[in-house]
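Chain letters run A, B, ... following the sequence lines, proteins first and then strands; every chain starts at 1.
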Amino acid sequence: MSHHTILRVVAKFLIPPIILYALYVQWHGDYGPGGGFQAGVIFAVAFILYALVFGLDALVRVFPTAVIRILFSLGVLIYAGTGFVAMFFGKNFLDYSYLGHDPVHAQEWGILLVEFGVGLTVATVMIAIFIAFASRIPSISDEEW
Amino acid sequence: MTDPNIILIALLMPALTALIVSRLDALPDMRDGVSILGALATFGAVLLTLQAFLEGTPLSITLFEVMPGLTLNFTLEPLGMVFATVASGLWIITAIYSVGYMRGAGEKNQTRFYICFALAITGALGIAFAGNLFTLFIFYEMLTVVTYPLVAHKQTPEARAGARTYISILLGTSIAFFLTAIIWTWSLTGTLEFTPGGILSGHISPVFTGVLLALFAFGVGKAALMPFHRWLPAAMVAPTPVSALLHAVAVVKAGVFTLLKIGIYIFGIGLLSRTGASEWLMWLAAASILISSIIALNQDNLKARLAYSTISQLAYVTLGLALANQMGVIGGALQIMTHALGKVTLFMAAGAIYVATHKTHVSELDGLGRQMPFTFAAFTIAALSIIGLPPLGGAWTKWYLMLSSAEAGHQVLIVVLMISSLLNVAYLLPISARGFFYPPSRQRGYDMSTEKLPPVKMAEAPWFCVVPLCITALGCIVLFFTIGDLYEFLLRIPLLPLEGVTP
Amino acid sequence: MPDTMINMDLVTGHYNYWLVVVLMMTGLFITVSRGNLIKKIVGLNLFQTSVFMLYISMGKIKGGTAPILTDDPATVYSNPLPHVLILTAIVVGIATTALALALIIRIRESYGTIEADEILEIEHQIDDPDPSPTNPANALMARIRGNR
Amino acid sequence: MISPDTAAIVIDALLFTFLVITALAIVQLRHLFAVVMLAGVFSLLSAGLFVSLDAVDVAFTEAAVGAGISTVLMLGTMALTAREEKKSPHPIFLPLLVCLVTGAALIYGTLDMPPFGSPDAPVQTHVAPDYIARTPVETGVPNIVTAVLASYRGYDTLGETTVIFTAVIAVLMLLGWDTKNRSLARNARRREEDREKGDEA
Amino acid sequence: MSNLPALQIILPLMAAPICAMVGRPKFAWGLATLVAWASFAISILLFLSVRDGTVISYDMGGWAPPLGIEYRVDVLNAFVLMIVSGMTSFVMPYALKSVASELHESQHAYFYTAFLLCMTGLMGVAITGDAFNVFVFLEISSLSTYALVAMGAARDKRALTAAFNYLIMGTIGATFFVIGLGMMYMVTGTLNMADLAQKIAANGDSRTLRMGFSFVLVGIGLKLAMFPLHLWLPNAYSYAPSAVTTFLASTATKVAIYVMARFMFSIFGFDYDFQANTMQFIMLPLALVAMFAASTVAIFQEDLKRMLAYSSVAQVGYMLLGMSFLTQLGLTATVVHMFNHALIKGGLFMAAGCFIYAVNSSRIDDLKGLGRIMPWTSAAFVLGGLGLIGVPMTAGFISKWYLMQAAFELDWWPIALLIVASSLLAVIYVWRMVEVLYLRDLPEKNDVRAVPLTMLVPMWGLLLLSVYFGVSADITVSAASRAANALIGASNIFWQSGG
């Protein structure tokens, strides 16, 4: 697909807003619809678009698989860790009240943190699954569609 | 006081023997020696328990509790002592005999054979000493499992098929009926202890007594009660020492012994005679006696003929129990002994003939008596004992059973017993007759290619084979003269309460 | 006519659920009746999405709004709990789909087809078409299957 | 005049009609590309339905997942496998029966359900009011769904994240992600094409 | 101490991403093993603290139920947790060499990650007191299971289709479960199990509730391979890697049985007539049919693992039978058999794995005469087989004993007879293997690999334990009996003493 210049240009213009939108959805989840999961999917879409236009190899150069693997594991660990640390404060698992001085703020912080974990995991997982699918040898060639 | 651990020693001795034997695969002489020594040691241990028992020490040992009230317990009682003594005593004889036979017949996998053989004795002793039905069942199953490789020993397709029949009937009946009956008993009474006078009395209606008895009678497949007798002829594919010890002594006797114990200590003779629940069993036993004798008449294979004879003789014990009086029980217990000695002799003789001449069929035996005089003489003595002629042990069995039948008011059974004796004559004595009186020229199926030894006058099997069977033949005679002591001993079997039934 | 009134109530109160049931069963039907593995997964997705509708339907209050707090204290909010459950269920659904598709790719690479019937045929051939005569079970199985 | 209630019913009915049509079309079609596309349409329609049922978060997610990621993965799988469904030789009697019985059971179950949208259904009167009342006080997060998702039932969401993680582990275990694979294949194909061109010349 | 219930789940859950992150096979294995042992220790502590009938309730995030999600641990849970973590502790050492021989090395780290996830999922299902949370963790375990089963493809490509079919059936089952749950939620407005139980008891029967019950039943029935819904199981068990089969056979169905018991007895309760009728008129006959049909099919299998798989379907029949008696004794039998069967089947599948390791095949024809050159594995198989038959002094006997007691207690002695008759079928298929192992001659050309100790020791460990619990059944039976009591008194004891 290297000859589709228009696609490349459009993609270059499209990807930054998509990522921006993803970040908005991620941090705005408390106030409106959205949250870590939706944001993660949108974020992943940006990278998938990148791979579709510039090729899988380009994506993997930007975003090596080893890094992806660490990130999606890290996302789960952030979530579980947020809950786990509470135990050291004598709280139950996932009790966020240790995160702030008053319980309401602690809850807000806790929710932000775990949503970040979710977003991180979802985004990297989607990219990883896409790479896994895309790196197989296709049986239908481009012309046959 | 004797330490009750002596029971455990007696039990473990054969197991230990098996263990040592299993390490001696490379040293056949050592292995066979250990096997015989083990048998001697076991017998010694059993004798010690017997002595303790005769002194009146109540020996009982509980190993552990599987579930509350369900223990692994061994307790001595007269019937069990009879069985234990017979089984362990005859093991010595057959251990010696096995050495001669297995070598003479050139069998493979001899180590496995000796291991399983010794383990089977553990099983038999466990059954003999069992203090409750649960323990008995465990060793009963163990006996089945460890004798399976013995039956399948030759690994030929026929051996495998026979062994398959063997295991499927024995395991099948025991799990389907015996176990059901045990659990039923447990849920009725909450105990499985062998208790003088029985435990079921007052817990069960007369109709269900019959049903439960049926479950037990058919569940104990080793008693070879018709129609679950097929395993016994099938097991004849085993090497002869196996047939001799296990299918004349340990296994089948374990079966009828179990039945006796269940009748006496679980149901209680009183309950059986009161409710008449065992009456059908009596007729079934009578039918078994006659039918299998008739089948035996038509068997040309020597071991098959002996097997059917065994089925018939086992039914005597069942009959003794089903008559539900003291004479019957004593007759049955005596039959365990006399038949064991007689049948083991017959089987060993058959094996000796096979080792010496590779002949397996009755019709091939013409004239062999002169070639193997000791073997045939022993055979004849044992046959006469089985038939029940004095001065041989078997005579007493028939005597007590007839007394018992008369006491129970079933004179018809006396006739059955007499017909059975006649049938015994008809299928056993012709074998001796052929051996001694038929001319050897009529040797049929004499295959020159497989025959190694051309018969020159005396051509007995190895002495390892012949001596044991002579000893047991003598035993048949001795048994006749020691009946007084035996009778006294068997009177100790607690049959209480026996209402309206006097010895 | 009270009877029809009641029936009308039943219909207006439940038509939503019934339509959802129709959609669910269409999805289930595709899954169990189609031999093409991809189509099976599409059916499964349909089935699950319809179940989501069932949940979301039961959380709805007439005249309610989305459960995002407003300043108006008189606002009626629909039940947020089903929404939360279904968010989780959607994620589970996509996870299942991704796994299933990965499996389909592997199946296609090993079998050369993604049609259940053709796969079954190939598997029967692997299952040793030459039963050894020593095993009685083989002979019986062969007879049951109807070959040789 | 059309009351908001009637309007909602009309919108619902329209969406449902389209949903049913889409579903039936998926049953019928054998061209997988069309099937996958229609599945995406189905997701979008259901997202619309979710919006009309006040579930905006769910609608957002369904659109992103059902119409987006799911479609991309399905198309990717198609490219790797096949694009036409073969005609199945099997009778559809048994599946049909299973579905009819299940459907009948479900309809039977709906009969005692509280009417759609009723404010006094158990669902609306137990637990749910607590969430609505306590969220502003205890968490200070305006989006109640987020509050329940990440805090009250945060443990479920941890489970959900783990499910996603499980999926990626499973996919990587099954497929691996060795990108060299594809480059090699493409090179091989290119070489083959070059050779064919060379033959023609 | 107070965080023990959370640690039980969180430990493996957090270990999984660490395994994936590091990505080294040896490390992944080591961590997984350590975590499995730690979980086992935790589950034992938990069991000890609830043995006397107390119920631990643990609020996730500090939110009290029914708003938040709670863990609720009583004797039954703790017992199931112990089975799962204990079996994992045995399987992990076994897996080291077994997995190395059956899987490509690039997959090992992911394999152990998935294994930990599967364990997390199963334990999460067992420990939770929230009905929807059951679904989430069920899916964690299911998804990882599908992938683990598919890993058998390195040995036999049929593992892929087996996994796919399992996925379809499992997902349909899970969706049914969600539908049923939705209906229950609709009439009660809650998802907390204790709350559900109270609301159901208070609101009484309705058509929605009935269908909710039925869909939950069918949904879990699919997961636990209840008789006509078992079609996924034989292939999945046959083609999965040995370690996976062992693990699944001894834990997954048990947890599903637990969930079913929990829903039936703790949530719907004994007084729910619709349930009682379903049990006696549908479940009981199905369980009996399962015992016979599956055992009969097992006899005719040509593959050892497949034979054992069908035997598992039959054994699930025993457990369901115990449940459908609706008595304390019946439930005791079910719980005891859950435990005993885990040990026995685990040991047997390990033996099958050893055969696969040695001769790279589990076809019964390829195992001829192995008794002589693989004495330990073969003897272990025989021991396990005896347990399966229910020979006394093995754990299987205890199960059968209680099951029959339960039948006699109700005076259903025809059923007692059927129970023993079905174990006769087990005699046949076990004996067929004994014959092949010991009474056939080894083929001339054989290529037998020595089985490493790391595989033999766990296998023997399990089977010796099965003998131990057959000889001294006091521990298991008393635990099971308490668990049954907890279920029987569900609506009063279980729910009210917690908190």
Side-chain angles (χ1 to χ4, degrees), chain C residues 17 21 24 27-28 31-32 37 40-41 43-45 47-48 50-52 54-55 57-59 79 81-82 84-86 88-89 91-93 95-100 102-111 114 116 119-120 122-123 126-128 131-132 134-141 144, chain E residues 66-67 131-133 135-136 138-140 142-144 146-147 149-150 153 156-172 174-179 181-183 185-187 189-191 208 235 239 297-303 307 363-365 368 428-429 432 436 440:
Chain C
Y17 298 130
V21 169
M24 271 193 224
L28 184 63
T31 310
V32 292
L37 303 187
K40 269 179 191 289
I41 298 303
L44 212 53
N45 277 346
F47 184 30
Q48 289 183 320
S50 319
V51 175
F52 304 159
L54 174 77
Y55 268 72
S57 296
M58 65 172 110
N79 186 347
L81 186 54
V84 174
L85 304 181
I86 291 317
T88 308
V91 176
V92 172
T96 314
T97 305
L99 175 49
L103 271 172
I104 292 177
I105 293 172
R106 285 291 302 272
I107 288 174
R108 154 79 205 205
E109 285 170 3
S110 314
Y111 289 81
I114 56 165
I119 291 169
L120 211 62
I122 295 170
E123 290 193 343
I126 308 173
D127 251 339
D128 194 341
S132 74
T134 48
N135 185 348
N138 282 345
L140 197 84
M141 283 302 277
I144 291 169
Chain E
L67 234 60
F132 194 80
N133 197 236
F135 164 72
V136 176
L138 201 63
E139 283 300 290
I140 295 178
S142 300
L143 285 182
S144 44
Y146 307 144
V149 168
D156 192 325
K157 66 180 177 184
R158 281 172 285 183
L160 294 171
T161 46
F164 186 82
N165 288 334
Y166 186 11
L167 182 141
I168 295 285
M169 298 281 259
T171 309
I172 292 178
T175 311
F176 267 50
F177 180 77
V178 173
I179 295 174
L181 213 57
M183 291 184 160
Y185 176 60
M186 208 177 263
V187 292
T190 182
L191 290 167
T208 307
N235 274 340
Y239 302 125
V297 175
I299 293 171
F300 294 109
Q301 292 311 309
E302 291 160 36
D303 184 280
M307 181 187 98
R363 284 179 56 83
I364 292 178
D365 275 352
K368 283 180 191 159
I428 299 176
Y429 59 74
R432 185 170 155 222
V436 167
R440 297 278 185 159

Which residues satisfy the side-chain contact (heavy atoms from CB on, under 4.5 Å) test with E:Asp303, sequence neighbours excluded?
E:Lys305, E:Arg306, E:Ser362, E:Arg363

Suppose we screen for side-chain contact (heavy atoms from CB on, under 4.5 Å). Which residues come up paired with E:Ala153, at least two apart in sequence or across chains?
C:Arg106, E:Ala159, E:Leu160

Heaviest contributor of heavy-atom pairs below 4.5 Å to chain E, chosen from C:Leu99, C:Ile119, C:Ile122, is C:Leu99

Just so I understand: if I count every heavy-atom pair under 4.5 Å between each of C:Val51, C:Val91, C:Ile107, C:Val32 and chain E, which residue has the most?
C:Ile107

Which region of E:Val178, side chain (C-beta onward) or backbone (N, CA, C, O), has a non-hydrogen atom less than 4.5 Å from a non-hydrogen atom of chain C, or is it both or neither?
both

Which portion of E:Leu191 sits near chain C, non-hydrogen atoms under 4.5 angstrom
side chain

Taking every heavy-atom pair that is under 4.5 Å apart, which of E:Phe164, E:Tyr146, E:Tyr185 has the most such pairs with chain C?
E:Phe164

What distance do C:Asn79 atom CG and C:Met58 atom CE have between them, rounded to the nearest 0.5 Å?
9.5 Å

Please classify the contact of [X] with chain E as side chain, backbone, both or neither, using a heavy-atom distance under 4.5 Å.
X        : result
C:Thr88  : side chain
C:Phe52  : neither
C:Ser110 : both
C:Leu120 : neither

Determine whether [X] and [Y] make a side-chain contact, defined as any pair of heavy atoms from C-beta on separated by less than 4.5 Å.
X        : Y        : answer
C:Lys40  : C:Ile104 : no
C:Tyr55  : E:Met186 : no
E:Tyr429 : E:Gln301 : no

Is the C:Phe47 ring parallel, tilted or perpendicular to the E:Phe176 ring (thresholds 30°, 60°)?
perpendicular

